[in-house]
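Read through the structure below, which is laid out as structure tokens, and then see the notes.
Per chain, numbering begins at 1; letters A, B, ... match sequence-line order. Bear in mind the structure is a predicted one, so any value in this text is a computation, not a measurement.
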2 protein chains.
Amino acid sequence: MGGLRTLPWYVAGSQVLGVACVVITGVWMGHYRGGYAWDGSAQEFNVHPLCMVLGLVFLYGDAVLVYRVFRNETKRSMKILHALLHMMALIISIVGLVAVFDFHSSAKISHMYSLHSWCGMLTFVLFFIQWLLGLGFFLFPWVSAQLRSWYLPLHVFFGLLLLTMSVGSCLLGITEKLLFSIMETYSRFTGEGVLANTLGLLLVCFGVMVGYVVTREDFRRPPNPEEAALSVHFKTLSEGEIPSSP
Amino acid sequence: MGGLRTLPWYVAGSQVLGVACVVITGVWMGHYRGGYAWDGSAQEFNVHPLCMVLGLVFLYGDAVLVYRVFRNETKRSMKILHALLHMMALIISIVGLVAVFDFHSSAKISHMYSLHSWCGMLTFVLFFIQWLLGLGFFLFPWVSAQLRSWYLPLHVFFGLLLLTMSVGSCLLGITEKLLFSIMETYSRFTGEGVLANTLGLLLVCFGVMVGYVVTREDFRRPPNPEEAALSVHFKTLSEGEIPSSP
């Protein structure tokens, strides 16, 4: 368990990366793409990247980290914080989606034709379903303990998968936006292109950092004593006799 | 361990998805983009997507699956097969990289300016390093058992991360290629756009299937009896007395 002392550094690193991603997206849209508005113009589009990076990447990632950061709180308060952060992520990403649909409608651009939109929408829909299932399975006692323990590994797997798909969709969006806006100058390593590429790499780093923290074995929450005894008991039952030490 | 009976279905599903990805890439480049050549032309570029999907996604994914598919072979033959499949992936992806660099040079296009190229090259370089480290740590006895057991979880984490980055880089490449080739018609849901978007989703599905199979707890290889006894022994040592059953 010696590695546990390094956990705060990884968490701090993830927060620096996450804030950097949000700030760089804000600067890209604010400085290079003409700022923000809510009038169907290209400035309304600019709300979209900012909301998606803030909601579906940064807040989503932090919701995932909750179980590793607050290690000694009760499981229930962790679940509530996890659900609340995800709810904020959900609301902010809905604002981001409305912005882009609004902009497309005003500019008479087809909806949902690009790979970015397919991946992004799939991610959003699965995230919404996963959030509802999470509420019903873990926060409110609507299902049996057996069903809960069947769903838990799936919830964890899809949780990380959706963070990955979120980051991937952002990268697709960055590439689309750059090719629509600066196709002529992108290959000359202009400031905007390099900034947006750097944003892409930082988003990957944020995802990797969160993924590493939550999958690393010795960063796991210690089970409470009751759970630990139960798990050892089941282990004994399922493995038969414990061989005596040599 | 009841879930183990479903493993062959997941593996079969992954293979269907993997073959479909390679075939669709081949059809996209062969039918819609004018076929293949090795003369610095756009037809030479077409070799690039095919090699990357075949090498860095399909063969890479299959190399990862080896440990779940051949469950009763010796660990050493598994390691050799794992390393060989990765070597094939490496060689084929080098051909794919040469194709795109050659094309860019002939067409006087800058190298390495896009987010796709940054992510793709990062993935390739990390994959090459990981392959060399894998050889040195696990296949040849060049390091201590202690170092090996320190590196193993990192090797596993980076292995899945690089598969994810590979798939992500392919999706960025698909978006770039579509916007360079059919920007005018992409939003009208033309055949080529829909085919390429579908390829993107199938690549994601392949990655998800491989990721699910290798992370699912009850799909793990059973440890050999010697290892199992040792692990239980260590468990006993580190957890103190096993509580007696009620």
Item to check | Residues from residues 147-155 of chain A approaching chain B under 4.5 Å (heavy atoms) | outcome: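 Answer by number: A:L154.
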
What part of [X] lies closer than 4.5 angstrom to a heavy atom of chain B: side chain, backbone, both or neither?
X      : result
A:S114 : both
A:L172 : both
A:Y186 : both

Item to check | Sidechain-backbone polar pair: A:S110 side chain, B:S187 backbone, donor-acceptor under 3.5 Å | outcome: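 Yes; judged by distance alone, with no hydrogens or angles, the pair exists.
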
Checklist entry - Do any N or O atoms from the side chain of A:N197 and from the backbone of B:Y113 form a donor-acceptor pair under 3.5 angstrom? => result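 Pair found, side chain donor or acceptor close to backbone of B:Y113.
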
Item to check | chain B contacts, top residue of A:M183, A:M112, A:H116, A:H111 (heavy-atom pairs, under 4.5 Å) | outcome: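 The candidate making the most pairs under 4.5 Å is A:M183.
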
Checklist entry - Are side-chain heavy atoms of A:L161 and B:Y212 found at a separation under 4.5 Å? => result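 Side-chain contact under 4.5 Å: no.
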
Item to check | Heavy-atom pair with the smallest gap, counting every atom of A:L115 and B:G200 | outcome: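 Shortest heavy-atom separation between A:L115 and B:G200 comes out as CD1-CA, 4.0 Å.
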
My understanding is that only residues two or more places apart in sequence, or in another chain, count here; which of them pass side chain to side chain contact (heavy atoms under 4.5 Å, CB included) with [X]?
X      : answer
B:S106 : none
A:C170 : A:V53, A:V57, A:L203
B:S93  : B:M52, B:L56, B:F124

More than 12 heavy atoms from other groups under 6.0 Å of [atom1] on [X]:
X      : atom1 : answer
B:F158 : CZ    : no
B:F128 : CZ    : no
B:F101 : CZ    : yes

Any chance you could measure [X], atom [atom1], to [Y], atom [atom2], to the nearest 0.5 Å?
X      : Y      : atom1 : atom2 : answer
B:E217 : A:F157 : CD    : CZ    : 13.5 Å
A:L201 : B:L122 : CG    : CG    : 6.5 Å
B:L171 : A:T175 : CG    : OG1   : 10.5 Å

Checklist entry - Is it the backbone or the side chain of B:L179 that comes under 4.5 Å from a heavy atom of chain A, or both, or neither? => result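 For B:L179, backbone and side chain are both near chain A.
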
Next on the checklist: Using the rule side-chain contact (heavy atoms from CB on, under 4.5 Å), only one of A:V167, A:T164, A:V208 pairs with B:T164; which is it?
Outcome noted: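 Of the listed options, the one satisfying the test is A:T164.
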
